[in-house]
Novice: 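My structure is below; once you've seen it, I'll send some questions.
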Amino acid sequence: MAQRKTRQPPALYEKRGHGTVTLTDRVTKVRTEYWLGPWDEPATREAYHRVIAEWEARGRCLPDRPTPSGRREPSRPARLTVAALLDAYSTWARETYTASEVSTIAQVDRIVRRMFGTTPAEEFGPNKLRLVREAMVSGDPHATPPRMAWSRKHVNGQVHRLCSFFKWAASHEMLPITVYQQLKSVPSLKRGRCDA
């Protein structure tokens with residue numbers, strides 16, 4: 001049987017000091033340029049990965065235009081980001097779990113950090129969880145190192161671990177428990193990877 005050819009996602013380009021990506025809608029063939037933020041900022045690369053993940057999840061149909069992220073009003077205190085939550089949880093996990101479990105946690109940590117690291121942790125809801133889960137199911141042959149698609153059982157285990165990050169944060173009064181409760185509303189993948 002012939003090996004299925006993996007299509008490389010569109011590249012992130014610099015244009016007038018900003019990161020941009022041009023996507024083509026699979027159905028309408030309309031090409032749209034997305035401006036993602038200042039070129040050398042981590043939030044721009046994260047916005048790129050989010051837009052690509054949403055585009056892939058929609059069957060390569062154009063997602064809504066992303067809004068600028070990573071900015072907060074000067075009068076409001078800084079909110080806990082997903083990356084900061086992951087850092088705190090990883091430190092705790094290294095002192096609590098075996099090296100094997102810490103290594104397994106690091107797998108999901110890399111995907112979430114890459115896609116949503118600068119996102120406020122309170123804004124990580126069920127739809128973002130579904131995008132992360134889709135990235136786990138799809139794999140990433142262009143990552144360093146390349147990541148194969150995960151089995152349904154492994155994806156469900158990793159989603160459970162990811163929800164545990166937020167449960168742990170709630171138990172340490174870093175986040176409201178409602179964030180964790182919303183994430184737990186996402187059903188596990190069933191055979192055939194179909195879900196609501």
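In this chain, residues are counted from 1 in sequence order. Computation of the quantities below employed the complete heavy-atom set of this structure, encompassing side-chain atoms and omitting hydrogens, waters and symmetry-equivalent molecules.
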Novice: Using only atom types and a distance under 3.5 Å, with no angle test, would you say the side chain of T44 pairs donor to acceptor with the backbone of P38?
Specialist: yes

Novice: If the threshold is 4.0 Å, N to carboxylate O, is there a salt bridge linking D140 and R110?
Specialist: no

Novice: Has S90 got a side-chain atom pairing as donor or acceptor with L86's backbone, closer than 3.5 angstrom?
Specialist: yes

Novice: When rounded to the nearest 0.5 angstrom, what distance separates CD1 in I177 from NZ in K167?
Specialist: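 Nearest 0.5 Å value for the CD1-NZ distance: 8.0 Å.
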
Novice: In terms of side-chain geometry, is the basic nitrogen of R113 or D87 positioned less than 4.0 Å from the acidic oxygen of its partner?
Specialist: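 Yes.
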
Novice: Does W55 reach the main-chain N or O of T24 with its side chain, forming a donor-acceptor pair under 3.5 Å?
Specialist: yes

Novice: Under a 4.5 Å cut-off applied to non-hydrogen side-chain atoms, are K15 and W35 in contact?
Specialist: yes

Novice: Step by step, would you call I111 with W150 a side-chain contact (heavy atoms from CB on, under 4.5 Å)?
Specialist: CA-CA 12 Å; I111 295 172; W150 293 345; 3.5 Å; yes

Novice: Where do A11 and V21 come nearest, in terms of heavy atoms and distance?
Specialist: O-CG2, 3.5 Å

Novice: Would you call Q107 and T104 a side-chain contact if the rule is heavy atoms closer than 4.5 Å?
Specialist: yes

Novice: With rounding to the nearest 0.5 Å, note down the distance linking NE2 in H49 to CG in L36.
Specialist: 10.5 Å

Novice: Of all heavy-atom pairs between L183 and P126, which one has the smallest distance, and what is that distance?
Specialist: CD2-N, 3.9 Å

Novice: I'd like to check L23 versus I52 (side-chain heavy atoms, cut-off strictly below 4.5 Å). Are they in contact?
Specialist: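 Result yes, sub-4.5 Å side-chain heavy-atom pair found.
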
Novice: Would L129 and C163 satisfy side-chain contact (heavy atoms from CB on, under 4.5 Å), going step by step from the backbone distance to the final call?
Specialist: CA-CA 9 Å; L129 176 59; C163 290; 4.2 Å; yes

Novice: Quick check for you: to the nearest 0.5 Å, what is the distance between L162 atom CG and Y180 atom OH?
Specialist: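 Here the interatomic distance stands at 11.5 Å.
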
Novice: Side chains of L189 and V137: does their closest heavy-atom pair fall under 4.5 Å?
Specialist: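 A side-chain contact exists here, since the closest heavy-atom pair is under 4.5 Å.
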
Novice: Heavy-atom distance under 4.5 Å between the side chains of F165 and V108, does that happen here?
Specialist: yes

Novice: If you look at every heavy atom in W168 and W92, which pair is closest and at what distance?
Specialist: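 Between these two residues, the closest heavy atoms are NE1-CD2, 3.3 Å.
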
Novice: Are E101 and R161 close enough for a salt bridge, meaning some N to O gap below 4.0 Å?
Specialist: yes

Novice: Quick check against the 3.5 Å criterion: does Q158 have a side-chain atom that pairs as donor or acceptor with the backbone of M136?
Specialist: no

Novice: Measure from the side-chain N and O atoms of R50 to the backbone N and O of M115, and report whether any donor-acceptor pair falls under 3.5 Å.
Specialist: yes

Novice: Once you round to the nearest 0.5 Å, how far does OH of Y34 lie from OG1 of T22?
Specialist: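 Between Y34 OH and T22 OG1, I get 10.0 Å after rounding to 0.5 Å.
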
Novice: Assess whether atom NE2 of H160 is packed by more than 12 heavy atoms of other residues, nucleotides or ligands within 6.0 Å.
Specialist: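 Count not over threshold, so no.
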
Novice: Provide the closest heavy-atom pair for A121 versus V179 in the form atom of the first, atom of the second, distance.
Specialist: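 Reported closest heavy-atom pair: O-CG1, 3.9 Å.
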
Novice: Can you find a pair of side-chain heavy atoms, one from V82 and one from K128, that are under 4.5 Å apart?
Specialist: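 Answer no - side chains too far apart.
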
Novice: Which distance, rounded to the nearest 0.5 Å, do you find between the CG of D109 and the OH of Y89?
Specialist: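 Reported to 0.5 Å precision, the distance equals 10.5 Å.
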
Novice: Just verifying a value: how many Å separate L175 CG and E122 CD, rounded to the nearest 0.5 Å?
Specialist: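 Separation between the atoms: 6.0 Å.
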
Novice: Taking all non-hydrogen atoms of both residues into account, name the closest pair between G117 and T81 and its distance.
Specialist: O-CB, 3.5 Å

Novice: Do you know which two heavy atoms are closest between E54 and L131, and how far apart they sit?
Specialist: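 The pair with the smallest heavy-atom distance is CA-CD2, 3.8 Å.
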
Novice: Please lay out, stage by stage, how W39 and L12 fare under the test side-chain contact (heavy atoms from CB on, under 4.5 Å).
Specialist: CA-CA 9 Å; W39 175 247; L12 175 64; 3.8 Å; yes

Novice: Between F124 and L85, is any pair of side-chain heavy atoms under 4.5 Å apart?
Specialist: no

